[in-house]
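Just so you know, ligand 1 is whichever comes first in the structure, and atom 1 is the first atom listed for that ligand.
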Amino acid sequence: MKKGFSLTFCGVRGSYPVPGRETRRYGGNTSSLLLEIGGRHVILDAGTGIIQAGRILDDRPQPGQAIHIFLTHLHIDHIMGLPFFAPMFDPRAEIVIHYPEAEATRSQQALEALFLPPYSPITLQGIKARLSFRPLAAGAGGAVLLDDGIEVASVSHDSHPRLGVLIYRVSFAGRRLVYATDVESPGSFAADIRAFIAGADLLVHDSQYVEQDYAGGLCSRKGFGHSTVSMAVRNAIACGVGRLFLFHFDPRYSDAMLEAMLAQAREGFPETFLAQEGKKIKIRR
Ligand SMILES: [Zn+2]
Ligand SMILES: [Zn+2]
């Protein structure tokens, strides 16, 4: 069995896609991460970045192996790439979509609606992959065991309007990656969430805002359910993680602004990096 564990950032933006000159270096697609784990594939979120993940998977089809997609929540920026995910239309593919249990029936209908008129001409008959849906129970300790000892655990975090999100922890061969996006924690994470993340080798954390925009007087973003850079840094320190990747950037921020955010973050936590579209990272201890 292969022991490799890597992450490719396929989409790193929050809220909506922003292609263009100002976002070329770090990318303009919305949230999606492709994990390659011991030769298997797990995808976290299905924003427009999943389209690129589909192209990568198309180049190396793996018959008999399901592609597992884990959704943090169903906001449009985290699911809008699904109708353009190439394996959906490959009869050899098996796709399992895991999503938070809240309003499970309506959630599955909401995901299927992406393929239905008037939003799309595809219809459900147009999906050729074997597709199944698995709601995940909210709360701590829920874990899905995939083949080859890959474990995907989740815990719910309730700051994001209106139904909160799931934070995911993916473990394989003694290494751990945590994906915590669309979270707002003006203090630091509560004790149960800190325990869930503690000691992760790599933490991908919501960093939507700089402090001025978050506080922002009349245009304050408090309560929008997103973090600032300093919240991400505080949580990385409190949880004792190895590396921190800032993620889910505000769509109005240019590449230059992101680099200024990185410089600020490194003052508090030197092992901080910017999530960058197309960048492949090895998970190591
Ligand atoms: Zn989002
Ligand atoms: Zn959201």
Strictly under 2.8 Å, is any N, O or S atom of D182 next to the Zn ion (ligand 2)?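 Here the distance criterion (N, O or S atom, under 2.8 Å) is met by D182, so yes.
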Is it true that some N/O/S atom of H75, main chain or side chain, lies under 2.8 Å from the Zn ion (ligand 2)?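 H75 does place an N, O or S atom closer than 2.8 Å to the Zn ion (ligand 2).
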Got a sec: is H226 within less than 2.8 Å of the Zn ion (ligand 1) via an N/O/S atom?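 No N, O or S atom of H226 is closer than 2.8 Å to the Zn ion (ligand 1), so no.
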Could you check V241, I167, T272 and say which one makes a side-chain contact (heavy atoms from CB on, under 4.5 Å) with L203?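 Between L203 and the candidates, side-chain contact (heavy atoms from CB on, under 4.5 Å) is satisfied uniquely by V241.
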Give the name of the N/O/S atom in H78 that lies closest to the Zn ion (ligand 1).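 When I compare the N, O and S atoms of H78, NE2 is nearest to the Zn ion (ligand 1).
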Would you mind naming the N, O or S atom of D77 nearest to the Zn ion (ligand 1)?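 Among the N, O or S atoms of D77, the one closest to the Zn ion (ligand 1) is OD2.
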Looking only at side chains, do [X] and [Y] share a donor and an acceptor under 3.5 Å apart?
| X | Y | result |
| --- | --- | --- |
| N29 | E277 | yes |
| R106 | Q109 | no |
| H248 | D206 | no |

Salt-bridge contact D201-R285 (side-chain N to carboxylate O under 4.0 Å):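 R285 and D201: salt-bridged.
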